[in-house]
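In the text below, chain A, chain B and the rest are named by the order of the sequence lines, each starting its count at 1.
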Amino acid sequence: MLKTLALGLPVGLLFGYALQRGRFCMYSAFRDLFFARDFTLFRAYIMALFVQMAIIHGLDAAGYLTVRPFGFTWLAAIVGGLIFGAGISLAGGCASGNWYRIGEGMVGSILAVLGYGLGVSATFWGPLNPLSTYLRAFRAPSALGSLQGLTGLPKWTAVIALILGFGGVCLARSPRPKVFTGWPWTKAGVVIGLIAALAWIASAGVGRNFGMSFTGPSGMIIRYVTTGQESSLSWDSWMIIGVPMGAFISAAWSNEFKWRAPAPDRMAKQLVGGLMMGFGAATAGGCNIGHSLTGLAALSTTSLLATIFIILGSWLGTYIFFMRR
Amino acid sequence: MPETMTIDLKREICPDPLIQAQETMKNASSGDIYIIVVDYPLAVENIARWAESEGDDVRVEQMGSEWNIRITKA
């Protein structure tokens, strides 16, 4: 357990620090594409994705890491992604976004994170499990589960094509926004990409072949607290505990820490949003981190599908819950 | 005659600061000045960048854990 803690917690501290400095919220990144015509945070996300992708596939080729895609659970990715996406609009932030905002003193995010963990637990081990199991039974052939399998390209061609094609257009055409109260998007993207790669390396130290993830550990912590089962305190559970701590250090340092809470009805919505996020992400097999940052970097087709539907869900949720009033 | 208006969006969280700022400024005329007060770090950048993309002049001032975003409508 000490080794798991020692390898997990520092990565979480760094991640929380970088998320707060970079104001890196993927709900905002996804929503602003449509509602503010602002691609800045989305560019930071793509940058983080590609930095991580290049490093982990390099280490995989050199034999230091094992990078494999998820099974192709397409229906769960679509339905779970949509529900998770709508949930993050109600919760006022994505999975990592709410975890780090606890460290800024946002009481509503505590409710969102509790709802998220409860939703994940209810889906993994509780009454929502049959529904999720039903959705996860729809599988496409595993040969199509990786982007290289889907496109028929060799893996490195797929990696390079993604980085040059999508990344090149996205990065080269970027405007230069003037207002940054934290890190500029380029720095946020590179640093978060490096930490995401570090997550793979650190967790390989405890025999875990995956990178950053938030859904599993959010449920595991609830399970540990309610059952005392020590195996629930996995690498990612320790990592995630470090996130609000790292964000607190960053926020306190820059004089941005303040206890604050939105109106009571808004907080109730954050709790409901958290529950939706939990069911959605546990069903889809990942959240905006497990799928959009880590799984997509591992070239999972399921992660690409889930990410597309998380984005659509966040637009739909923002429209339905906030624009129509 | 350009007007100056202060919008207090303290305590509001995503996505409300952006959406309420957009809603309030929908009928703004050129030269109007809006001072938007937020205490949500991310909202500063959401609102400022949206206004930048509209071509407005944007200035941001931090006062402890609050920010004043001063937008002059183009």
message: Suppose a student defines contact as a heavy atom less than 4.5 Å from any heavy atom of chain A. Which residues in residues 57-64 of chain B would they list?
response: Val58(B), Val60(B), Gln62(B), Gly64(B)
- request: Using a heavy-atom cutoff of under 4.5 Å, enumerate the residues of residues 6-13 of chain B that contact chain A, numbered in order, or state 'none'.
  value: Arg11(B), Ile13(B)
- prompt: Of all of Ser53(B), Pro15(B), Ala48(B), Ser65(B), which one pairs up most often with chain A through heavy atoms under 4.5 Å apart?
  reply: Pro15(B)
- line: Filtered by a 4.5 Å non-hydrogen cutoff, the part of residues 36-44 of chain B contacting chain A is Asp39(B), Tyr40(B), Pro41(B), Leu42(B), Val44(B)
- prompt: Asp16(B) versus Arg266(A): any side-chain heavy-atom pair under 4.5 Å?
  reply: yes
- prompt: Going through the distances and angles, do Arg49(B) and Asp32(A) end up as a salt bridge (Lys or Arg N to Asp or Glu O under 4.0 Å)?
  reply: CA-CA 10 Å; Arg49(B) 286 197 210 115; Asp32(A) 291 349; 5.6 Å; no
statement: Cut-off 4.5 Å, heavy atoms of chain A, and the answer for Glu23(B) is neither
- prompt: Taking side chain as C-beta onward, heavy atoms only, is Glu45(B) less than 4.5 Å from Leu41(A)?
  reply: no
- prompt: Can you list the steps and then say if Arg31(A) with Leu18(B) is a side chain to side chain contact (heavy atoms under 4.5 Å, CB included)?
  reply: CA-CA 10 Å; Arg31(A) 180 199 63 217; Leu18(B) 175 71; 3.9 Å; yes
query: Going through the distances and angles, do Asn46(B) and Arg23(A) end up as a side chain to side chain contact (heavy atoms under 4.5 Å, CB included)?
result: CA-CA 10 Å; Asn46(B) 287 155; Arg23(A) 279 84 165 97; over 6 Å; no
- prompt: Which answer fits Phe24(A), side chain, backbone, both or neither, if we ask what part of it has an atom under 4.5 Å from a heavy atom of chain B?
  reply: neither
- prompt: When only heavy atoms count and the cut-off is under 4.5 Å, which of residues 66-74 of chain B reach chain A?
  reply: Glu66(B), Trp67(B)
message: Quick check on Ser89(A) against chain B: is it the side chain, the backbone, both or neither that has a heavy atom closer than 4.5 Å?
response: backbone
query: Ser109(A) versus chain B, heavy atoms under 4.5 Å apart: side chain, backbone, both or neither?
result: neither
message: Is Ala263(A) in contact with chain B via its backbone, its side chain, both, or neither, using a 4.5 Å heavy-atom distance?
response: backbone
query: Which one of Arg37(A), Glu104(A), Arg101(A), Gln270(A) has the most heavy-atom pairs closer than 4.5 Å to chain B?
result: Arg101(A)
field: Straight-line distance of Tyr27(A) OH to Cys14(B) SG, nearest 0.5 Å
entry: 6.5 Å
field: Approximate separation, where rounding is to 0.5 Å, of Phe322(A) CZ and Gln20(B) CD
entry: 10.0 Å
